[in-house]
Amino acid sequence: MVPKRIPPLQPNLVHPKKISDVKRLLQIHFSDNWRQNAKFDFYKTLINNVDALDLSNEVATNDYFSCAAQQLNASQSTHRFSFVNHTIKTVNMPKVRHSVNLKSKLTSYISEFKEDGLSTDNKILFCNLCQCAVSSTQKFLVQQHITTSKHQANKQLNSKQRQLFLTQPTTSNVRSEFNIDLCRSLISADIPLYKLKNKVFREFLEKYTQHTIPDESTLRKTYAPSIYDETIQKIRDEIKDSSIWVSIDETPDKEGRLVGNVVIGLLSEQYSERILLHCDVLEKCNNKTIVKLFNEAMGILWPKGIMYDNVLFFISDAAPYMVKTGQALSVVYPKLTHFTCVAHAFHRVAEVVRDNFLK
């Protein structure tokens with residue numbers, strides 16, 4: 001909005017102390033160089049005249065202002081304090097932001113909403129009931145979250161669960177333990193995590209477990225990595241420093257990406273289960289990418305140092321790039337022997353026969 005037109009500027013229109021306040025603000029925001037800025041010519045003359053007054057003498061100051069008031073006519077009297085407002089709007093002085101202690105702010109939110117399952121690590125505000133971060137920049141955002149239907153439903157479920165058990169750990173520990181067990185069960189049963197999006201399935205789990213079922217993205221990002229680490233550690237504990245065989249094959253997935261799979265097994269007198277150690281998407285399918293995939297898998301199995309002498313057999317198909325891979329690996333792994341799959345060889349022979357005898 002454009003301010004109303006102010007009458008021609010005169011030194012006696014505004015109380016000198018008001019003008020001194022404006023001068024102080026100009027010095028704070030623009031330093032002493034503000035007088036050399038052309039856009040402040042609007043009130044330089046006024047401030048220069050006030051600088052000549054002795055504002056410490058209250059009687060003289062009041063006499064000055066009284067004389068100035070008598071000189072104002074009725075039309076000018078309505079603009080006595082418009083000068084200060086117009087000055088602030090014209091200069092567009094930047095706002096002075098006051099720093100707020102984030103830790104104390106988060107702690108105050110937890111104390112105020114202590115029945116809503118909030119916690120903090122002094123950096124973010126976390127809702128243990130909904131298993132998500134809550135924006136804490138403004139108080140109303142926290143209030144907005146705890147009034148959502150999802151939060152209220154989770155709060156009700158949590159209160160029912162507390163009634164079922166006389167003693168139980170904190171809400172955050174219960175939720176974390178349940179979520180990781182749920183994620184481990186789904187992965188072990190080969191049930192895709194996105195199945196949790198099914199409304200009937202979610203309602204069934206919530207009804208009979210009395211727990212809030214997390215989103216599949218929460219399980220994938222927060223809990224699946226820890227389960228992967230546990231599984232890899234179990235494989236390491238089983239293999240230790242034993243001799244192994246390695247098999248590699250690649251196959252396209254439904255999106256057309258080339259996925260390389262590394263399977264290993266123990267070389268012992270007793271039967272051992274085959275173990276899928278590593279999977280990765282390959283840029284191309286050639287001897288260089290397969291060698292890289294092989295070394296990455298061995299690095300996962302032996303993170304403190306690859307045991308090159310313990311890799312005895314490499315099994316693959318008879319594709320030319322796999323033959324080159326076996327030759328390259330035998331340089332690094334001195335005891336490695338490369339075997340090509342006999343079934344794959346028979347399959348290639350059958351393809352040649354079929355191509356030559358179409359009928």
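Checked against salt bridge (charged side-chain N to carboxylate O under 4.0 Å, His left out), Glu250 has no partners two or more places apart in sequence or in another chain. Every residue meeting the side chain to side chain contact (heavy atoms under 4.5 Å, CB included) condition with Val353, not counting sequence neighbours, appears here in chain and number order: Val349, Phe357. Asn287 meets the side chain to side chain contact (heavy atoms under 4.5 Å, CB included) test with Lys324, Thr325; sequence neighbours excluded. Among residues two or more places apart in sequence or in another chain, the side chain to side chain contact (heavy atoms under 4.5 Å, CB included) test is passed with Glu238 by Leu266, Ile275. Residues passing the ring pair (Phe, Tyr, Trp, His ring centres under 6.0 Å) test with His145 are His151, sequence neighbours excluded. Partners of Glu255 by salt bridge (charged side-chain N to carboxylate O under 4.0 Å, His left out), not counting sequence neighbours, listed by chain and number: Arg257. Every ring pair (Phe, Tyr, Trp, His ring centres under 6.0 Å) that Phe313 has, sequence neighbours left out, goes to Phe339. Ser136 is linked by a side chain to side chain contact (heavy atoms under 4.5 Å, CB included) to Leu106, Tyr109, Leu125, counting only residues two or more places apart in sequence or in another chain.
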Taking distance alone, no hydrogens or angles, what donor-acceptor pairs closer than 3.5 Å link side-chain atoms of residues 290-310 to residues at least two apart or in another chain?
from, atom 1, to, atom 2, distance (Å)
Asn295, OD1, Tyr333, OH, 2.8
Asn295, ND2, Val291, O, 3.3
Trp302, NE1, Lys240, O, 2.8
Asn310, ND2, Asp241, O, 2.6

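Residues Tyr223 and Leu205 fall within the same hydrophobic cluster, defined by Ile, Leu, Val, Met, Phe, Trp and Tyr side chains chained together at heavy-atom separations under 4.5 Å. Residues Leu312 and Val246 fall into different hydrophobic clusters, defined by Ile, Leu, Val, Met, Phe, Trp and Tyr side chains chained together at heavy-atom separations under 4.5 Å. Note: the hydrophobic cluster containing Leu267 does not contain Ile235 (ILVMFWY, side chain heavy atoms under 4.5 Å, direct or indirect links). Note: the hydrophobic cluster containing Val311 also contains Val332 (ILVMFWY, side chain heavy atoms under 4.5 Å, direct or indirect links).
At a threshold of 4.5 Å between non-hydrogen side-chain atoms, the residues Ile213 and Phe178 count as touching. Side-chain contact check for Cys285 versus Leu258: some heavy-atom pair is nearer than 4.5 Å. Residues Thr120 and Ile110 form a side-chain contact, since some pair of their non-hydrogen atoms from C-beta on lies under 4.5 Å apart. Looking at Met322 and Phe314, their side chains come closer than 4.5 Å, going by heavy atoms from C-beta outward. Residues Val259 and Asp280 are not in side-chain contact: their nearest non-hydrogen atoms beyond the backbone lie 4.5 Å or more apart. Looking at Val134 and Phe126, their side chains never come closer than 4.5 Å, going by heavy atoms from C-beta outward. Taking 4.5 Å as the limit, some side-chain heavy atom of Ile244 sits within range of a side-chain heavy atom of Ile239.
In plain terms, the two heavy atoms of Thr212 and Asn179 that are nearest each other are O-OD1, 4.4 Å. Shown here for Lys139 and Glu112, the closest heavy-atom pair between the two residues is NZ-OE2, 2.8 Å. Closest of all the heavy-atom pairs between Lys195 and Phe201 is O-CD2, 3.5 Å. Here the shortest heavy-atom pairing between Lys207 and Gln210 reads O-NE2, 3.0 Å. Nearest heavy-atom pair, Pro214 versus Leu182, reported as atom, atom and distance to 0.1 Å: CD-CD2, 4.1 Å. Contact record, Arg274 with Val263: CB-CG1, 3.9 Å, taken as the closest heavy-atom pair.
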Please walk me through it: do Asn128 and Ser119 pass side chain to side chain contact (heavy atoms under 4.5 Å, CB included)? CA-CA 7 Å; Asn128 296 311; Ser119 63; 3.3 Å; yes

Criterion side chain to side chain contact (heavy atoms under 4.5 Å, CB included) on Gln152 and Gln156, from CA distance to verdict: CA-CA 6 Å; Gln152 292 300 321; Gln156 186 175 3; over 6 Å; no

Just do the side chain to side chain contact (heavy atoms under 4.5 Å, CB included) check on Tyr321 and Lys288 with the steps written out, would you? CA-CA 9 Å; Tyr321 68 88; Lys288 293 182 180 179; over 6 Å; no

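More than 12 heavy atoms of other residues, nucleotides or ligands shown are found within 6.0 angstrom of CZ on Arg236. For Tyr208, the OH atom is loosely surrounded, since the number of other residues' heavy atoms within 6.0 Å does not exceed 12. The number of heavy-atom neighbours closer than 6.0 Å to CD of Glu351, taken from other residues, nucleotides and ligands shown, is above 12.
Judged by distance alone, with hydrogens and angles left aside, the side-chain atoms of Ser185 form a donor-acceptor pair with the main-chain N or O of Asp181 at under 3.5 Å. Under a 3.5 Å cut-off, the side chain of Ser188 and the backbone N or O of Arg184 do not form any donor-acceptor pair. Panel note: side chain Ser330, backbone Leu336; no donor-acceptor pair is recorded below 3.5 Å. In terms of modelled atom types and a separation under 3.5 Å, the side chain of Asp215 and the main chain of Ser217 share no donor-acceptor contact.
Contacts classified as side-chain hydrogen bond (donor to acceptor under 3.5 Å, both in side chains) and involving residues 258-270 (residues at least two apart or in different chains) are not found.
Its side chain outside the 4.5 Å cluster rule for every partner, Val352 clusters with none of the Ile, Leu, Val, Met, Phe, Trp and Tyr residues. Cluster note: Phe140 groups with Leu141 through ILVMFWY side-chain heavy atoms spaced under 4.5 Å, whether in direct contact or through intervening members.
Distance check, rounded to the nearest 0.5 Å: OG1 of Thr218 to CG of Leu196 gives 10.0 Å. Atom OG of residue Ser272 and atom CD1 of residue Ile264 lie 9.0 Å apart, to the nearest 0.5 angstrom. Taking CD of Glu216 as the reference point, atom CG of Leu219 lies at 8.0 Å (rounded to 0.5 Å). Atom-to-atom distance recorded for Glu230:CD and Ile180:CD1 is 5.0 Å, nearest 0.5 angstrom. Taken from CD1 in Ile232 to CD1 in Ile227, the straight-line distance is 13.0 Å, to the nearest 0.5 Å. Rounding to the nearest 0.5 angstrom, the gap separating the CD1 atom in Ile187 from the CZ atom in Arg220 is 10.0 Å.
In the model, Gln233 has no side-chain atom that pairs as donor or acceptor with a side-chain atom of Asp229 under 3.5 Å.
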